[in-house]
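Report on one structure; see the data block that follows.
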Amino acid sequence: MRFVFIFACIISIPNASLSDISDSQNSCSATQQNVVEQALKTARDGIAKSIDAMSFSNLADEQRFARWFGTNAGNAVQEVKRTFELAQTFSSISNIWCPIANSPELEFSVNELAAYFPDGSGNIYLAPEFFQQSAAGKDSFAGVIFHELTHIEAVGPTRDHEYGVTDTQALAISDPDKARKNADNFQYYIEDLLFGI
């Protein structure tokens with residue numbers, strides 16, 4: 001059975017068993033665990049700052065929201081803020097695994113950093129390439145983990161309508177409703193707030 005990963009998410013192939021994925025629940029090494037713990041700490045800090053920023057106490061906060069989520073119409077801010085609040089809870093209870101590359105259950109390839117398996121468990125799987133990223137900036141450790149947290153059914157659940165800075169910013173303009181359900185928009189929002197991408 002095979003699962004195909006695209007950048008930071010999972011698409012399941014028909015006839016794949018939920019139990020097969022458990023074979024890839026390899027613990028992270030001590031070095032990897034240190035990276036993950038720091039990334040979670042940074043993500044939690046970014047989540048808290050994001051929630052505060054949605055009070056729009058300054059123009060920069062309003063502009064950042066518009067850049068990644070489109071116009072502040074209707075209940076847009078409350079919808080996005082609620083996803084951040086739920087991610088804050090799941091950032092403490094999700095399981096993060098470090099499977100080997102090209103295991104029978106997971107076949108990570110170039111550009112695939114992490115995945116969430118939609119079985120309700122909150123399990124996030126980090127590709128070996130995840131650990132080649134950096135602690136700050138675009139596609140940071142914290143940003144990638146936050147991206148996966150937003151996929152959890154009880155948090156977003158977000159989807160992967162668009163990837164990359166250019167396409168997600170364009171989505172915020174052309175289809176704000178979809179942008180507010182796109183994982184990369186959430187990831188880049190928090191990275192923009194934390195690192196000024």
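What you see below is based on every heavy atom in this structure, not just the backbone, and it leaves out hydrogens, waters and symmetry mates. Counting begins at 1 with the first residue of the sequence.
Under the 4.5 Å side-chain criterion, counting only non-hydrogen atoms from C-beta, F146 is in contact with F84. You'll find the side chain of W68 stays beyond 4.5 Å of the side chain of D184, heavy atoms only. When side chains are defined from C-beta on, N123 does not count as touching Y116, because their heavy atoms never get closer than 4.5 Å. In this structure, E37 and I96 have side chains that are not in contact, with every pair of non-hydrogen atoms separated by 4.5 Å or more. Counting heavy atoms from C-beta outward, F130 and V35 have side chains that approach closer than 4.5 Å. Under the 4.5 Å side-chain criterion, counting only non-hydrogen atoms from C-beta, N72 is not in contact with E62. Residues L126 and L113 have side chains not in contact (no heavy-atom distance under 4.5 Å, counting atoms from C-beta outward). Considering only heavy atoms from C-beta on, Y125 stays 4.5 Å or farther from C98 through its side chain.
Listed for the D175 side chain is a donor-acceptor partner under 3.5 Å among the backbone atoms of K178. Checked by atom type and distance alone, the side chain of R159 never pairs as donor or acceptor with a backbone atom of N182 at under 3.5 Å. Between the side chain of D167 and the backbone N or O of E162 there is no donor-acceptor pair closer than 3.5 Å.
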Pair up each side-chain donor or acceptor in residues 138-145 with any protein partner under 3.5 Å, not counting sequence neighbours, and list the distances.
residue	atom	partner	partner atom	Å
D139	OD1	Q187	NE2	2.9
D139	OD1	Y188	OH	3.4
S140	OG	G143	N	2.9
S140	OG	E191	OE2	2.9

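Note: L149 CG to I190 CD1 = 9.0 Å, rounded to the nearest 0.5 Å. Atom-to-atom distance recorded for F69:CZ and L171:CG is 10.5 Å, nearest 0.5 angstrom. Rounding to the nearest 0.5 Å gives a distance of 9.0 Å between CZ of F90 and CD of E153. Going from atom CD of Q32 over to atom CG of N26 covers 9.5 Å, rounded to the nearest 0.5 Å. Put simply, CD1 on I51 and NZ on K81 are 7.5 Å apart, with the number rounded to the nearest 0.5 Å. Taking CG of N185 as the reference point, atom OH of Y163 lies at 12.0 Å (rounded to 0.5 Å).
Closest approach of F186 and A179 over heavy atoms only: CE1-O, 4.4 Å. Shown here for T168 and V165, the closest heavy-atom pair between the two residues is OG1-O, 3.1 Å. Taking every heavy atom of both residues into account, A183 and T158 meet most closely at CB-OG1, 3.3 Å. The two residues G70 and P176 make their nearest non-hydrogen contact at CA-CB, 4.1 Å.
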Take E79 and K181, measure what salt bridge (charged side-chain N to carboxylate O under 4.0 Å, His left out) needs, and give me the verdict at the end. CA-CA 10 Å; E79 178 186 344; K181 294 174 181 65; 3.3 Å; yes
May I have the step-by-step check of side chain to side chain contact (heavy atoms under 4.5 Å, CB included) for H147 and I124, ending in yes or no? CA-CA 10 Å; H147 174 118; I124 293 171; over 6 Å; no
Test log, rule side chain to side chain contact (heavy atoms under 4.5 Å, CB included), inputs Q38 and T42: CA-CA 6 Å; Q38 185 57 47; T42 303; 3.5 Å; yes
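Among residues at least two apart or in separate chains, ring-ring contact (aromatic ring centres under 6.0 Å, His included) pairs with a member in residues 29-62 are F56-F65. Residue pairs satisfying the side chain to side chain donor-acceptor pair (under 3.5 Å) criterion with at least one member in residues 43-59, sequence neighbours excluded, are listed as follows: R44-S91, D45-K49, N58-D61.
A chain of hydrophobic side-chain contacts below 4.5 Å, direct or via other Ile, Leu, Val, Met, Phe, Trp or Tyr residues, connects M54 to L194. A single hydrophobic cluster is seen to contain both V77 and V80, as judged by linkage of ILVMFWY side chains at heavy-atom distances under 4.5 Å, directly or through other members.
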